[in-house]
Amino acid sequence: MTLDATWTRAWIDRTADVVAAEHTALSELDRQIGDGDHGENLSRGFTAVRARLADLPADATPGAALKLVATTLISTVGGASGPLLGTAYLKGSAALGDATELDAEALVAFLTAARDGVVLRGKAEVGDKTMIDAWTPAVDAAAAAAADGASPEAVLRAAADAASAGAAATEPLVARKGRASYLGERAVGHRDPGAQSSSLIIAAAADAADGTNKES
Amino acid sequence: MTLDATWTRAWIDRTADVVAAEHTALSELDRQIGDGDHGENLSRGFTAVRARLADLPADATPGAALKLVATTLISTVGGASGPLLGTAYLKGSAALGDATELDAEALVAFLTAARDGVVLRGKAEVGDKTMIDAWTPAVDAAAAAAADGASPEAVLRAAADAASAGAAATEPLVARKGRASYLGERAVGHRDPGAQSSSLIIAAAADAADGTNKES
Amino acid sequence: MKKLINDPSAVVDESVAGFGAAHADLVVVSHDPTFVRRAAAPVPGKVAVVSGGGSGHEPLHAGFVGFGMLSAAVPGPVFTSPTPDPIVAATQAVDAGAGVLYVVKNYTGDVLNFETAADLCEAEGITVRSVLVDDDVAVKDSLYTAGRRGVAGTVVVEKTAGAAAERGDTLDAVAEVARRTNAATRSMGVALAAGTVPHAGEPSFTLADDEVEIGIGIHGEPGRERIPLERVDAIVDRLLAAVTDDLGLVSGERVLLFVNGMGGTPLVELYIAYRRAAEALEARGIEVSRSLVGSYVTSLEMQGMSITLTRLDDELTELWDAPVETVALRRGR
Amino acid sequence: MKKLINDPSAVVDESVAGFGAAHADLVVVSHDPTFVRRAAAPVPGKVAVVSGGGSGHEPLHAGFVGFGMLSAAVPGPVFTSPTPDPIVAATQAVDAGAGVLYVVKNYTGDVLNFETAADLCEAEGITVRSVLVDDDVAVKDSLYTAGRRGVAGTVVVEKTAGAAAERGDTLDAVAEVARRTNAATRSMGVALAAGTVPHAGEPSFTLADDEVEIGIGIHGEPGRERIPLERVDAIVDRLLAAVTDDLGLVSGERVLLFVNGMGGTPLVELYIAYRRAAEALEARGIEVSRSLVGSYVTSLEMQGMSITLTRLDDELTELWDAPVETVALRRGR
Ligand SMILES: Nc1ncnc2c1ncn2[C@@H]1O[C@H](COP(=O)(O)OP(=O)(O)O)[C@@H](O)[C@H]1O
Ligand SMILES: Nc1ncnc2c1ncn2[C@@H]1O[C@H](COP(=O)(O)OP(=O)(O)O)[C@@H](O)[C@H]1O
Ligand SMILES: [Mg+2]
Ligand SMILES: [Mg+2]
Ligand SMILES: [Mg+2]
Ligand SMILES: [Mg+2]
């Protein structure tokens, strides 16, 4: 079983929906340990993504659609999350090449390249209390599931669950990157907003896969 | 019966006391319809008066003591009330000449000259919601009492009662001079701070006369 | 009350001392009595321009002491006119024999204290003229009131009068420039939140979360009316209507547009207001030929702004453009 | 939330438009993408200096665009770094072939977006160097954090780098001046009350009536610690101790003392703080040879201030003194 361009668009759509829905909650997380704009930043970005996606040819590949997400985020979000998430989508989409159907391995390649892109730009490690704390567990879980022969849907679900646990696990941490690093011990007890939004994005991928397959 | 330099000093002392005691209340009145500094202004002035009075020769006449009040207020109070009250004391002290004993007529002359001094500088009329609404009834009541042959103490008490009533009567008025005039109808219902402080000053004169005579 | 101060009663002295220390290249501060004068004063042969008033409106007036503007400034206690003594001392310090112009905001206290100072100086042989600034259209001007207040327009009067003095005008001519500038200038303000006078300890007035005060003064005096908070464009339109009506501006005229912050309002908001005001004026055929945006005549940390217009002719434009070298306004030097 | 705005999402666009309209003699505003450049740019043969970052810090950066300082400024959304597109557009608009220096405050967002822009510009043949400003000693500098933040000291770096560019230095030399200035500069701030980001609608943090936040940033980030409100002299002593220790200042050295307001604090308070800081430095044998007092690097209407010191040598003094003609800083022209 594979996922196609329809899934890709559904994923992007769901992501835009969830970012809009969680806008205030994300900014509130950022207000606790950052500057309170993370929800605003992402919703500016995904509003632009949705508008530009409408102009994309119907036969665009998953890679082309995700590259459009990348360039749109880079050119509209700003802040730390704009270049970081933008790079994630950019590197991830490059890993997909011209494929029209994505199997479990392709999804693992996407997630890995995306995570590596964030590390390349932001130089964060697991435990630094950043979005990497969602991406890296997601990559590991996806890879493990794929190695076990799981379906694409199951790979994404494993990734989503791991990302969500990873985001939650940022709460007790002291931050070593981004604005929260200025706070030292005072960041303890708060969830990292970027880890939270990344886990929502990965969850949207899994939800879209479930939805797409139920419809088909 | 007459009032002398001892009474004059007692009056000035009592005035300084009552200004200190009513400091906050006067500023609060001014906050309602002005800029909230009237108590601060007068207490700055009378604190200086008290300090300078200590240096005045023991044999200074009432006129000399009150002239010192005048110049001290002019040089320390600022605002509207500084020059106005300063002029009141200046013109009033001039009316006393070198007299060492003040009879009822001298007190009326003092009050009249003081009031005229305020009008000369400030051009306010009765009913403009200013300190004149305390001074003019005081002058009129003092003159009437003196014409009836009242004692100096009784003249001052009559002046004090009229000033107090005059200050209270400013409450329903719209102001036509000073900062409160900017407010139009919104000044209605508030007592004029300068009328209130002038009535306290005149009451202190009467209280000092009672006190002086009780002691003597 | 939360302020970066030590003792409320030392606010003005300490602040003026800091001002003098920070700007010793431009000004000299005298203490006891307190006034601020140009480092290079008196200027031989030139008329001196002196202003002053209660403190709490910084940078007015001390921030405008220097070449091409004020010769001296006399700060009183917060929101309270200075007494005559420091005004006299400042006058003596800057008079070069050509006479001294007092620029006085129209408040009873300022008027009386500067009047007394002028009398004392005249008695000593210094020629003094006074010009009142009364640009605030929020206040009804009538024979039966203290008249309009002087607010942000004071900066414009101090600038043109100072430039006239600098070019060597006589005392009467400098006074005439000041009067003409005042006559060509109107202002109106709005507050979102009052400031707190240090010795009072609580805000001068309180507004609900959805209220603004229109026609506010610069001493925490209440304004003309309270209205629900509106978009700034609507607020600007209100203020501008009052100002342009009072000035009787017609299409084809030129103005200086001055958007003034009250102390606690950030520049980002003032420029939003400026944008609307400039657009609205141009839509009416009025040319905005000069601009000033910033917190120049403040009311402690009050949140709000005022809009000032000065009708410009060639001479006032030239005087506005003339070089000036003060702490708060500097160009051409 | 009470602000003089229309739509929270239009704050930056409308404000920058107003800025451009008010100061058309000095700057040109480009829209879509938004940036502000010198009216006279590119300047043939000279290095261009470009800065930018989130809005809400006005007059930084656009207020420093002009002769002797910035060639262009790129404002992002409130407290959010601009994206690479407007940075690239600004770079292209001001590059005269001599290269472009980016002055970047050390925040992950600013660093990444300017980095991307630099890559894109280099790909088009424009030589770009970047210098990070990280003057905030409230933040521990360590290999394991994002490093110190860039705050008020940015003004000093922009001034000296701009002056170096104006005198005709090469790109490497201008970058070296910027780096040297940053290395000689440290700051620390305090807040009495946070500002409110327009789209957030509530203050970034809340302090009790008797609390202040020491070591505050300029984005409403919480600071280093909360302490009970003290006399400003005591607060100044705290900030100054942190700054002088970190700089390792010793008796006999010269400094620029910069007391910066956070947006909602009136000048009268800043000068009280300045007075103490200057006295305390002089008591330690450190000469305050240059001063700056005012709200130059703000955080919306935050109440508070920061103290910045730059260790001066002859060259930095000369570059600080050099003529500058911008909206917020002007002298010698
Ligand atoms: N160096 C980094 N590497 C990975 N993620 C980072 C890094 N720096 C910041 N982040 C992420 O960015 C998030 C903040 O994004 P956002 O609020 O949009 O930007 P800004 O911090 O510029 O306001 C943080 O919660 C964190 O997850
Ligand atoms: N023209 C005037 N004539 C008489 N009294 C006046 C006049 N103007 C103001 N006052 C008095 O001065 C009082 C205010 O004094 P104060 O608050 O000390 O000065 P300011 O108004 O300058 O702050 C008013 O309450 C009023 O009684
Ligand atoms: Mg953020
Ligand atoms: Mg008063
Ligand atoms: Mg007053
Ligand atoms: Mg941000």
Side-chain angles (χ1 to χ4, degrees), chain C residues 2-7 11-12 14-19 21-23 55-56 58-59 63 78 190 192-193 195 207 209-210 212 229 231-233 235 257 259 263-276 278-279 288 291-293 295 298 300-301 303-305 325 330-333, chain D residues 2-7 11-12 14-19 21-23 55-56 58-59 63 78 190 192-193 195 207 209-210 212 229 231-233 235 257 259 263-276 278-279 288 291-293 295 298 300-301 303-305 325 330-333:
Chain C
K2 261 186 184 176
K3 287 183 183 288
L4 293 170
I5 63 173
N6 295 302
D7 177 358
V11 162
V12 173
E14 293 184 355
S15 187
V16 173
F19 182 84
H23 306 297
S55 292
E58 290 69 26
V78 174
V190 61
L192 307 189
L207 292 169
D209 267 1
D210 59 350
V212 300
L229 178 63
R231 289 160 59 91
V232 67
D233 283 0
I235 294 177
L257 167 57
V259 175
T265 287
L267 274 176
V268 69
E269 297 180 27
L270 299 183
Y271 281 111
I272 297 177
Y274 179 90
R275 170 181 166 277
R276 173 59 166 209
E279 270 180 15
V288 178
S291 308
L292 186 66
V293 183
S295 294
T298 62
L300 296 169
E301 70 279 10
Q303 283 182 279
M305 62 155 179
E325 186 178 12
R330 196 160 173 166
R331 79 169 77 97
R333 279 173 70 97
Chain D
K2 261 186 184 175
K3 287 183 183 289
L4 293 170
I5 62 173
N6 294 303
D7 176 357
V11 161
V12 173
E14 292 184 356
S15 187
V16 173
F19 182 85
H23 306 296
S55 292
E58 292 68 27
V78 174
V190 60
L192 307 189
L207 292 168
D209 266 0
D210 58 352
V212 301
L229 178 63
R231 290 160 58 92
V232 67
D233 283 1
I235 295 175
L257 167 57
V259 176
T265 287
L267 274 177
V268 70
E269 298 179 26
L270 300 184
Y271 281 111
I272 297 177
Y274 178 91
R275 171 182 165 277
R276 173 61 166 207
E279 270 179 16
V288 178
S291 309
L292 186 67
V293 184
S295 295
T298 62
L300 296 169
E301 69 280 10
Q303 283 182 280
M305 60 155 180
E325 186 177 13
R330 195 160 173 167
R331 78 169 76 98
R333 281 172 71 98

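The chains referred to below are lettered A, B, ... by the order of the sequence lines, with proteins before strands, and numbering in each begins at 1. In what follows, every heavy atom counts, from backbone to side chain, and hydrogens, waters and symmetry copies are set aside.
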Side chain, backbone, both or neither: which part of [X] has a heavy atom under 4.5 Å from chain C?
{"X": "D:I235", "result": "side chain"}
{"X": "D:L229", "result": "side chain"}
{"X": "D:A273", "result": "neither"}
{"X": "D:N6", "result": "both"}
{"X": "D:R330", "result": "both"}

Which one of C:A193, C:P266, C:A278, C:A17 has the most heavy-atom pairs closer than 4.5 Å to chain D? C:P266

Pick from C:L257, C:V293, C:L207: which one has the most heavy-atom pairs with chain D under 4.5 Å? C:L207

For chain C, the option from [options] that forms the most heavy-atom pairs under 4.5 Å:
{"options": "D:V232, D:L300, D:D7", "value": "D:V232"}
{"options": "D:T298, D:L292, D:D209", "value": "D:D209"}
{"options": "D:M305, D:Q303, D:E325", "value": "D:M305"}
{"options": "D:S291, D:G304, D:S295", "value": "D:S291"}

Could you report the tightest heavy-atom contact between D:I5 and C:E269, atom names first, then the distance? CG2-CG, 4.2 Å

Answer with yes or no whether the side chains of C:H23 and D:Y271 bring together a donor and an acceptor at under 3.5 Å. yes

I would like to know whether C:E301 and D:T265 meet side chain to side chain contact (heavy atoms under 4.5 Å, CB included); could you show each step before the answer? CA-CA 6 Å; C:E301 70 279 10; D:T265 287; over 6 Å; no

For C:P59, what residues pass the side-chain contact (heavy atoms from CB on, under 4.5 Å) criterion, not counting sequence neighbours? C:F64, C:Y296, C:A328, D:L267

C:R231: partners by side chain to side chain donor-acceptor pair (under 3.5 Å), with sequence neighbours left out: none

